[in-house]
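What you see is a predicted model; the values in this text were computed from it and never measured. Heavy atoms only: backbone and side chains are in, while hydrogens, waters and symmetry mates are out.
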Amino acid sequence: MTVTGEMGVGDPARLRAAMVAELREDVIVSEAVAAAFSTVPRHLFAAGEPLEAVYDSNTPLVTKVGSDGAALSSVSAAHIQAVMLERAGIEPGMRVLEIGSGGYNAALIAELVGPEGSVTSVDIDAEIVARARRCLRSAGYGRVRVVRADAEHGVPEHAPYDRIIVTVGAWDIPPAWIHQLSGRGRIVVPLRFAGLSRCVAFDRVGARLVSRSYCLGDFVPMQGQGTFTDTVVPVTGDAALRFAGPDPGFDVPALRGAIHGRRIARWSGAAFDLPDELELFVVTSGPLVPFLHASQALVDRGVFTSAVTVGAAVLVEAGSFAYRTKRGNEDTGGWESGVYAHGPNAEDVAERYLDLLRRWAAGYRRRGAARIEYIPGDGDGATPRGWCAPKRHGVVAVSWP
């Protein structure tokens, strides 16, 4: 958001109005959500932060960090909060459970449910709970319940809930969340699977959860019993593979040699577009597609493209691997997808990757093409469709109808 001198950086009301106007251009479509963002004083939940940062729609505000410097709690960026609330479809009179407390999002939900509804927010951290309670009281939302508990178990004493909004990164969906959801309820959760995170709005359909929509969304990870850590396999001191689940036995010495060996580039003839959707298709089209992370030093030396600094989905075949890239091409709408491949079987692994790129461009080049389901372990017993990722309490299944 651009703050003008005419608006004044010291006027929260004007900054808030500008933030809402910007969110209306992009993500806010309902008057109820717009009214909630227009009403709740976000700066009261971010004491000490500059107002221009507080009311920047894309800026998250970290409220607690761990000893290692990693964020433990934050007030999420207004943009992603608006996305989640729009997808939640909260109506007046509903009962809502928020997993992960910060205060501000709970206040927004309180505006949406109105005086006849109820909001319960739960967090495992006593300091965060106390802070959320204090901020909510100061902003006039003392009727929001803030409970200290491990969210793995939900908050059964105030169930059932019409909506469960999860504001921490979750690797699984605990049985308690499903059991405490009303028969036609909805869960909006940043769910981690296949090495990536997607914010999924799940509707309850019988015993299982079926995606209504999904989008990019990454949050601070869940603590307590829901904690999960990806597996990391170092290849060199500057490069590693990250993935969920056990190490399948990658040939690390061979991959190390491939990194510094000859690299080939091959092109698909297909458009490069919607990279997050394309990435989802790639990682859910094989048994294991890890992410390659490498240092900026290797990028500067021309070994990799900059994509590897944040993680690039790679196909691995013995001592060879390939990852996605792009180049300008007006014949494919401006950009063409392709791959860089390393190792003795570079041609074969490149062709496998190119086939995925072409299949996606031909059949799934749009938003929301995937169907994401969660089948709990005590579910209906039906066989999951498509690509599957076993979890502690159930299975995530992704299909491409």
Side-chain angles (χ1 to χ4, degrees), residues 1-65 71 73-92 96 98 100-115 117 119 121 128 131-132 134-144 163 165-168 188 190 199 201 213 215-220 274 276 367:
M1 177 178 67
T2 300
V3 179
T4 66
E6 179 183 353
M7 183 179 299
V9 296
D11 186 343
R14 292 197 177 197
L15 291 171
R16 187 160 61 250
M19 180 185 74
V20 174
E22 182 177 330
L23 291 172
R24 277 181 176 273
E25 294 177 1
D26 187 12
V27 294
I28 291 181
V29 297
S30 66
E31 291 302 319
V33 171
F37 275 90
S38 297
T39 302
V40 179
R42 183 175 168 92
H43 61 283
L44 295 185
F45 298 87
E49 295 286 346
L51 285 175
E52 58 268 29
V54 171
Y55 287 105
D56 187 293
S57 63
N58 290 301
T59 299
L61 306 166
V62 176
T63 55
K64 184 174 181 178
V65 297
S73 181
S74 68
V75 178
S76 300
H79 185 276
I80 188 62
Q81 290 175 315
V83 168
M84 294 180 74
L85 292 178
E86 285 287 359
R87 291 171 190 245
I90 298 169
E91 299 175 1
V96 180
E98 180 192 42
S101 293
Y104 177 67
N105 196 62
L108 294 171
I109 296 170
E111 288 288 337
L112 292 171
V113 301
V119 182
S121 184
I128 292 169
R131 181 185 181 282
R134 185 171 62 252
C135 291
L136 284 162
R137 283 196 301 269
S138 70
Y141 296 93
R143 64 189 180 89
V144 173
R163 299 288 186 268
I165 312 297
V166 185
T167 62
V168 290
V188 182
C199 189
S213 62
C215 64
L216 281 171
D218 201 8
F219 288 70
V220 296
L274 304 174
D276 54 312
R367 289 283 177 204

Undergrad: Are R42 and D56 ion-paired here, with the side-chain N under 4.0 Å from a carboxylate O?
TA: no

Undergrad: Does any part of the side chain of N105, heavy atoms only, come nearer than 4.5 Å to the side chain of F45, both counted from C-beta?
TA: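 In short, these two side chains do not touch, never coming nearer than 4.5 Å.
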
Undergrad: Do V27 and E86 touch side chain to side chain, with heavy atoms closer than 4.5 Å?
TA: no

Undergrad: Going through the checks in order, is the salt bridge (Lys or Arg N to Asp or Glu O under 4.0 Å) test met by R367 and D276?
TA: CA-CA 9 Å; R367 289 283 177 204; D276 54 312; 2.5 Å; yes

Undergrad: When you measure from the side chain of E22 to the backbone N and O of S57, does any donor-acceptor pair fall under 3.5 Å?
TA: no

Undergrad: Which heavy-atom pair separates M84 from I165 by the least distance, and what is that distance?
TA: CE-CG2, 4.1 Å

Undergrad: Would you name the heavy atoms of P190 and G217 that are closest together and state the gap between them?
TA: CB-O, 4.0 Å

Undergrad: Evaluate the salt bridge (Lys or Arg N to Asp or Glu O under 4.0 Å) criterion for residues E31 and R24: first the C-alpha distance (whole Å), next the side-chain angles of each, then the deciding distance (0.1 Å), finally the verdict.
TA: CA-CA 10 Å; E31 291 302 319; R24 277 181 176 273; 2.9 Å; yes

Undergrad: Can you name the closest pair of heavy atoms from V119 and A106 and give their distance?
TA: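 Shortest heavy-atom contact: CG1-O, 4.1 Å.
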
Undergrad: State, yes or no, whether a side-chain contact exists between V113 and I109 at a heavy-atom distance under 4.5 Å.
TA: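 V113 vs I109: side chains touch.
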
Undergrad: So, Y55 side chain and H43 main chain: donor-acceptor pair closer than 3.5 Å or not?
TA: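 Looks like yes, one N/O pair under 3.5 Å.
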
Undergrad: Within the structure provided, determine whether C215 and C199 are in side-chain contact (heavy-atom separation under 4.5 Å).
TA: yes

Undergrad: If you take all heavy atoms of A36 and L108, which pair is closest and at what distance?
TA: O-CD2, 3.5 Å

Undergrad: Please report the shortest heavy-atom distance between I28 and S30, naming the atom on each side.
TA: CG2-O, 3.6 Å

Undergrad: For the residue pair Y104 and F37, does the interplanar ring angle fall in the parallel (under 30°), tilted (30 to 60°) or perpendicular (over 60°) class?
TA: perpendicular

Undergrad: May I ask you to decide if A201's main-chain N or O and R87's side chain share a donor-acceptor pair within less than 3.5 Å?
TA: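 Judged by distance alone, no pair lies under 3.5 Å.
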
Undergrad: Please enumerate all residues that pass side chain to side chain contact (heavy atoms under 4.5 Å, CB included) together with E49, with sequence neighbours excluded.
TA: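 E49 satisfies side chain to side chain contact (heavy atoms under 4.5 Å, CB included) with A46, V54, L61 only.
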
Undergrad: Which atom pair, heavy atoms only, marks the closest approach of T39 to E111?
TA: CG2-OE2, 3.5 Å

Undergrad: Could you check whether any side-chain heavy atom of L44 comes within less than 4.5 Å of a side-chain heavy atom of C135, counting everything from C-beta outward?
TA: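 Heavy-atom side-chain distance check fails, nothing below 4.5 Å.
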
Undergrad: Say whether, by atom type as modelled, one donor and one acceptor occur between the side chain of R163 and the main chain of E98 under 3.5 angstrom.
TA: no

Undergrad: Are any of the side-chain heavy atoms of L112 and V96 separated by less than 4.5 Å?
TA: no

Undergrad: Would you compute the distance between atom CD of E52 and atom CG of L15 and round it to the nearest 0.5 angstrom?
TA: 8.0 Å

